[in-house]
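Remember, it's 1-based here, ligands and their atoms both numbered in the order they're listed.
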Amino acid sequence: MTNKIKYFIANWKMNGTNKSVNLHKKIVKFSKKKNFNSNIVYCPPITLVRSFQKIFKKSKIKLGAQNCFYKDQYGPYTGQLSPKMLKESGCDFIILGHSESRQQGDNNNIINQKIINSINSRLKIILCFGETLNEKRKKITNKVISRQISQALKNVKNKNNILFSYEPVWSIGTGNVLNEHDLKKYLLFIKKLLISKHKIKKPNILYGGSVNSSNIKTLKNINNLDGFLIGSASLKVNKFIDIIKKTYN
Ligand code: PGA
């Protein structure tokens, strides 16, 4: 089996228990199948990273964080975690700019700071961006995406370790996915933007928002798509494996 889809990122959000982590042992065996050539990354709450490390230690499955503080290293910031601390705790990836974090106050400038510090701490970034329903209705999706990406990448020198995840806000957790025509259109727009304006030779572009084992059959064939950011459908190991499997058939 080979696959054009290179990344399957599980975004567990504020979910999961130690018991539920153990149920995911099953994916280790699956990831060791002959010709399996994709990357699986779990982004659980930090409280579960240790448990995941135990079950993934003999596999290539990586771990990621879901956000961080905008300053790096250490300091008097009660309740915060820096990129350096996340890297030290075993995370290789970090989700930044997720709409749920933007709703909690992350703006493009803060996201930019977080990206710069996360790169310094050798984390790979999963940068999320996308329009709200209101912006979609106003037909300003391209403008919104372009602004979010430009401000996030301000003064970022090394962009090679950034995955670009297009997540329309109205599609997250709702069961609504973009129609094929629009998704193709926006992915092409994003790709061109990253290549021409941001000088990234081969950008990796992901899609996130209500990805499940039914719509994956259509989504997997769409051009300019290198992976998926999967929320609720990644919480159950069988569902998650099923999504990955279907991209291989
Ligand atoms: P969802 O979440 O798959 O549950 O829509 C995706 C995300 O928020 O990353």
*Is the closest side-chain donor-acceptor distance between Lys26 and Asn238 under 3.5 Å?*
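Result is yes, a qualifying pair exists.
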- Could you point out which residue of Leu153, Ile125, Ile126, Leu187 forms a side-chain contact (heavy atoms from CB on, under 4.5 Å) with Phe164?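 With Phe164 as partner, side-chain contact (heavy atoms from CB on, under 4.5 Å) holds for just one option, Leu153.
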Ligand 1 to Glu167 polar contact by distance, N or O atoms, under 3.5 Å: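 Such a contact does occur with ligand 1.
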- Would you check if the distance from the ring center of Phe52 to the ring center of Tyr42 is below 6.0 Å?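 Yes - the distance between ring centres of Phe52 and Tyr42 falls below the 6.0 Å cut-off.
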For this session: For this output row, return yes or no: ring centroids of Phe56 and His24 closer than 6.0 angstrom.
Result: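 Centroid separation for Phe56 and His24: 6.0 Å or greater.
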I'd like to check which ligand 1 atoms, numbered from 1 as shown, lie under 4.0 Å from a non-hydrogen atom of [X].
X	answer
Gly209	5 (O)
Asn11	7 (C), 8 (O), 9 (O)
Leu229	9 (O)
His98	7 (C), 8 (O), 9 (O)

Worksheet item: Looking at CG of Leu123 and CD1 of Ile119, how far apart are the two atoms once the value is rounded to the nearest 0.5 Å?
Response: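 Result: 9.5 Å between the selected atoms.
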Exercise for review: Supply the atom-to-atom distance Asn39 CG to Lys6 NZ, rounded to the nearest 0.5 angstrom.
Suggested key: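 One gets 8.5 Å once the value is rounded to the nearest 0.5 Å.
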Once the angle between the rings of Phe69 and Tyr77 is folded into 0 to 90°, is it parallel (under 30°), tilted (30 to 60°) or perpendicular (over 60°)?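 The arrangement is tilted - the two ring planes meet at 30° to 60°.
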Just need the protein heavy atom nearest to [atom], so name the residue and atom and give the distance.
atom	value
atom 4 (O) of ligand 1	Ser232 N, 2.9 Å
atom 2 (O) of ligand 1	Lys13 NZ, 3.3 Å
atom 6 (C) of ligand 1	Gly231 N, 3.6 Å

Check: Any non-hydrogen atom of Ser210 lying under 4.0 Å from ligand 1?
Finding: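 Per 4.0 Å heavy-atom rule, Ser210 contacts ligand 1.
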